[in-house]
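This report refers to the structure that appears directly beneath it.
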2 protein chains.
Amino acid sequence: MATPTPITSALDRAGYRLTAPRQALAALIADQDGHFTAAGLVAAARSRRLGVGRATVFRTLEVLEAIGAIERLDLPGGEHAYVGCKPAHHHHVVCSRCGRTSEIRDADLQRVVRHVARQTGYRVDEHRLELFGLCPACLAGDARPKARKS
Amino acid sequence: MATPTPITSALDRAGYRLTAPRQALAALIADQDGHFTAAGLVAAARSRRLGVGRATVFRTLEVLEAIGAIERLDLPGGEHAYVGCKPAHHHHVVCSRCGRTSEIRDADLQRVVRHVARQTGYRVDEHRLELFGLCPACLAGDARPKARKS
DNA sequence: AGGATATTGAGACTCTGTCTCATTCGTGCT
DNA sequence: AGCACGAATGAGACAGAGTCTCAATATCCT
Ligand SMILES: [Mn+2]
Ligand SMILES: [Mn+2]
Ligand SMILES: [Zn+2]
Ligand SMILES: [Zn+2]
């Protein structure tokens, strides 16, 4: 009865229980093609009467982030959003209009990080790079993708 | 009676009124050597009985960010902090222990940005890079600088 | 000095995220 | 299949961040 998805199997693999709320949320997240918010998931869960509590949404996001199945984005306006992710280290280009993201490997960035470390004397442990702009579809004037406020 | 500071003169130059609350906050911010938070300013203003309201702190931070006198940091834990800034575009290395930051120019980063644009087809309009680690003082086991939670 | 208006403080309000606690559910074991 | 145990859940209280309204005040231009 458990339909395995990348997210649910990642949960399983990490030793978390495969509960109904987690499976429901995994499905909701799989539907998203751009970034999504906690509030959005809560609304979606409620409107589809999935019986998933608000606290559980936040707790699940926390777990999914911990296992690297999703990643938090800090949008320019200050709001937090999430995107589904491969577990390896990478960064995102985020479309300011439709919210879609593309993952990017950061080969070149390593040079920058090392350079900064040498320059400033800091020991650099983590870094975050986020790029914002317009995705190819939105550049092409594609009106189809769901519009986003803010 | 107005003691001009970099922040107050930036405000003036941008056409904002030089009010007492803004001058008080500019002074508080000048005192900070690491990053600081809205809540921290509110607390400092209240404890020093500066008579600066909470709403005014948020409004002032908004204005200062708009004129580029400060910049918002998105800390790994998700909290927001601010640092005083030069107006030119740059990024920050942030000490996870004492909160001090160093500014870095992003010469090398331009290459990365262009590369990403070509690779993904996005038109990249803005980007944010934040590096976290330990500053030279904290690396040296310097216990002096004020410790920070989180 | 006088007046238009930008700015302020107080407090209500909204939204995000956390916590508690009694109840339920998943899972490993028999 | 049945049990037992701990992990996970929902409801709702709670805490904090940030926004908004509005009447009162202060700034700054003339
Ligand atoms: Mn990703
Ligand atoms: Mn800066
Ligand atoms: Zn787009
Ligand atoms: Zn430090």
Side-chain angles (χ1 to χ4, degrees), chain A residues 1-4 7-9 11-26 28 35-46 48-67 70 72-82 149-150, chain B residues 1-4 7-9 11-26 28 35-46 48-67 70 72-82 149-150:
Chain A
M1 154 222 174
T3 309
I7 289 184
T8 57
S9 45
L11 278 170
D12 194 20
R13 200 176 323 123
Y16 291 95
R17 294 188 177 175
L18 245 43
T19 66
R22 283 176 180 161
Q23 292 181 3
L25 289 172
L28 281 184
H35 51 56
F36 56 90
T37 61
L41 288 183
V42 171
R46 194 166 43 80
R48 304 191 193 183
R49 292 176 174 65
L50 300 178
V52 175
R54 214 173 75 92
T56 298
V57 170
F58 281 97
R59 288 188 283 231
T60 301
L61 287 174
E62 189 179 7
V63 168
L64 293 181
E65 189 178 17
I67 66 177
I70 63 175
R72 196 193 66 232
L73 299 179
D74 298 292
L75 301 182
E79 323 90 52
H80 289 166
Y82 294 87
K149 50 210 142 188
S150 157
Chain B
M1 154 220 172
T3 309
I7 289 185
T8 57
S9 44
L11 278 170
D12 195 18
R13 200 175 323 124
Y16 290 95
R17 292 185 178 177
L18 244 43
T19 66
R22 283 175 181 162
Q23 293 181 4
L25 288 172
L28 282 184
H35 50 57
F36 56 89
T37 61
L41 288 183
V42 171
R46 193 166 43 81
R48 303 190 194 184
R49 291 178 174 64
L50 300 178
V52 175
R54 215 173 74 93
T56 299
V57 170
F58 282 97
R59 289 188 282 232
T60 301
L61 288 174
E62 188 180 8
V63 169
L64 292 182
E65 188 178 17
I67 66 178
I70 64 174
R72 195 194 66 231
L73 298 179
D74 298 292
L75 302 182
E79 322 89 51
H80 289 166
Y82 294 87
K149 51 210 141 188
S150 157

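Side-chain atoms are counted along with the backbone in the values below, which use heavy atoms only and exclude waters and symmetry mates. So that the names make sense, note that chain A is the first sequence line, chain B the second, and so on, each numbered from 1.
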Out of [options], which has the shortest distance to the side chain of [X]?
X       : options                : answer
A:Val52 : D:dG18, C:dA10, D:dG10 : D:dG10
A:Phe58 : D:dA8, C:dT16, D:dG10  : C:dT16
A:Ala55 : C:dG11, D:dT9, D:dG12  : D:dG12
A:Tyr16 : C:dT7, C:dT16, D:dA8   : D:dA8

Does a distance-only test, which skips hydrogens and angles, find a donor-acceptor pair under 3.5 Å between the side chain of B:Arg54 and the base of D:dG16?
-> no
Give the rounded distance in Å between these two atoms: [atom1] of [X] and [atom2] of [N].
X       : N      : atom1 : atom2 : value
A:Leu18 : D:dA7  : CG    : C1'   : 13 Å
A:Arg22 : D:dA7  : CZ    : C1'   : 8 Å
A:Leu41 : D:dG10 : CG    : C1'   : 17 Å
B:Arg49 : C:dG9  : CZ    : P     : 16 Å
A:Leu11 : D:dA7  : CG    : C1'   : 13 Å
B:Leu75 : C:dG17 : CG    : P     : 15 Å
A:Arg72 : C:dG17 : CZ    : C1'   : 12 Å
B:Arg46 : C:dA10 : CZ    : P     : 12 Å

Would you check if the side chain of [X] reaches a backbone N or O of [Y] as a donor-acceptor pair within less than 3.5 Å?
X       : Y       : result
B:His80 : A:Gly78 : yes
B:Arg46 : B:Arg54 : no
A:Thr8  : A:Pro4  : no

May I ask you to evaluate whether [X] reaches the phosphate of [N], defined as a side-chain N or O under 4.0 Å from OP1 or OP2?
X       : N      : value
B:Arg59 : D:dG18 : no
A:Thr19 : D:dT9  : yes
A:Arg17 : C:dC25 : no

Can you find a pair of side-chain heavy atoms, one from B:Val42 and one from B:Thr37, that are under 4.5 Å apart?
-> no
Beyond-backbone contact of A:Thr56 with A:Thr19, side-chain heavy atoms, under 4.5 angstrom = no
Which part of the nucleic acid, if any, lies within reach of B:Gly51 when heavy atoms closer than 4.0 Å are counted: base, sugar-phosphate only, or nothing?
-> sugar-phosphate
